Enquirer: 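Below is one structure. I have some questions about it.
Just so it is clear, the structure is predicted and the values come from calculations on it, not from any experiment. Whatever order the structure lists ligands and atoms in, that order sets their numbers, starting from 1.
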Amino acid sequence: MFPPTDPLNWLLLIVTLWLAPLGLIIIYFAPTLRAIWREPVLRHPVLIVESDDWGAGPLEQTEALERVADILSSCRDHRGQPAVMTLAVILAVPDAAAIRASGKYRRRGLDDAQFAAVREAMENGVKQGVFAVQLHGLEHYWPPSLMASEDETVQLWLTQDTPQSTEQLPAHLQSRWIDTTTLPSRPLQERDIETAVGEEIELYQRIFGDIPKVVVPPTFIWSDVVEAAWAAAGVRYVVTPGRKITCRDAEGKPACYQGRVHNLETGRGVHYLVRDDYFEPMLGHAASETLAALERKTALARPCLLETHRANFLGKRERVDPALRELAALLQQALNRFPGLRFISTEALAGAMLSGNPDWLEHRRGPRLAVFAERITHIPRLGKLSRFIGLHLVLKWAATFFGHRAS
Ligand SMILES: [Zn+2]
């Protein structure tokens with residue numbers, strides 16, 4: 001009989017009306033909910049500065065690397081570990097003289113004598129524990145796309161004698177894993193990808209003595225085929241901006257956005273890591289706002305991986321000095337704000353997360369549920385829905401039932 005007259009039936013009706021949409025939401029968002037529940041929950045705040053584009057290129061990088069290393073080694077966490085900057089390395093630039101002579105693409109590798117001082121600065125930083133080398137790419141472009149470019153400035157860039165800065169190339173030509181001869185971009189041939197991955201892994205191993213375990217795809221555009229080729233060669237982790245992007249549109253802008261990815265989610269034989277916070281002093285990013293990113297990530301028990309580029313630390317002193325001061329201020333302010341902050345390399349952190357190391361990860365159900373509830377509120381659409389329907393509160397109660405999150 002409707003409406004019910006018995007208070008108990010009223011209660012049952014209300015619960016049913018609540019459970020039905022709740023169930024639908026849970027079913028609809030199940031893959032995301034599962035990914036977030038599986039994502040590691042850190043026990044400590046973690047800050048890693050991820051810096052791209054180092055390697056073959058301007059020789060002034062040597063001094064920049066030395067100055068950055070000095071700052072990193074002067075900032076230590078409570079365990080005595082220095083701050084770590086990962087260096088995503090480019091292994092070659094065009095060999096201008098050889099290109100002029102042959103009319104064909106030729107490269108000059110980071111193993112060339114010309115780059116000895118740059119390599120040494122990197123190696124010294126690695127020995128001090130302040131640098132960790134990662135693969136960015138053999139080149140920061142797909143050579144055939146560059147050679148086929150009808151842009152006069154690109155052809156001049158290819159044949160200029162000083163080691164070129166890839167930052168000067170048009171943005172769409174800085175992508176390595178797509179054919180941007182014409183736009184929108186087109187996928188590369190599978191065998192060309194496999195050959196190119198083989199070449200970059202081989203050169204990286206020759207220079208750094210080991211296979212790269214972490215790759216940062218140039219401009220964050222790559223495909224499943226590239227990923228599978230990296231995995232087959234021994235790469236274990238791919239740094240992502242939290243989603244996969246596989247092409248550029250007719251305007252040359254990144255497009256073909258795939259679904260979101262979470263820390264340690266698996267791809268084609270690799271695990272993903274998420275880097276979606278930024279520290280680019282040349283774009284006006286201040287230490288204070290970057291500290292807010294660390295606070296947000298810590299509240300969600302995630303590591304704060306900061307994206308930055310060598311361009312911040314190269315060029316005129318009046319631009320570089322403030323950038324270095326901002327870096328030092330950021331690290332110091334982070335240590336002051338979070339005395340339990342930990343510095344570590346991306347590869348070592350990923351290893352600790354993958355092995356479930358209890359020194360780094362929270363395994364107790366109560367604290368994990370509290371973090372899960374907090375993470376849900378940050379998912380677009382689901383966050384609002386979960387607050388509206390009360391899912392967030394239910395999880396908070398469950399977390400309290402199983403025991404509060406440790407501080
Ligand atoms: Zn780059």
Enquirer: State plainly whether the residues D224 and R268 are in salt-bridge range, i.e. N to O under 4.0 Å.
Expert: yes
Enquirer: Name all residues meeting the side-chain hydrogen bond (donor to acceptor under 3.5 Å, both in side chains) criterion together with N312; count only those two or more places apart in sequence or in a different chain, and write none if there are none.
Expert: E280, T308
Enquirer: Cationic tip of R43 within the cone over W360's six-membered ring, i.e. under 6.0 Å and within 45° of the normal?
Expert: no
Enquirer: Do the charged groups of D321 and R67 touch, with an N to O distance under 4.0 Å?
Expert: yes
Enquirer: Any carboxylate oxygen within less than 4.0 angstrom of a Lys/Arg side-chain nitrogen, looking at D95 and R106?
Expert: no
Enquirer: Under a 4.0 Å threshold between the charged nitrogen and the carboxylate oxygen, would E307 count as salt-bridged to R275?
Expert: yes
Enquirer: Short of 2.8 Å from the Zn ion (ligand 1), name each protein N/O/S atom, waters not counted.
Expert: D53 OD1, H136 NE2, H140 NE2
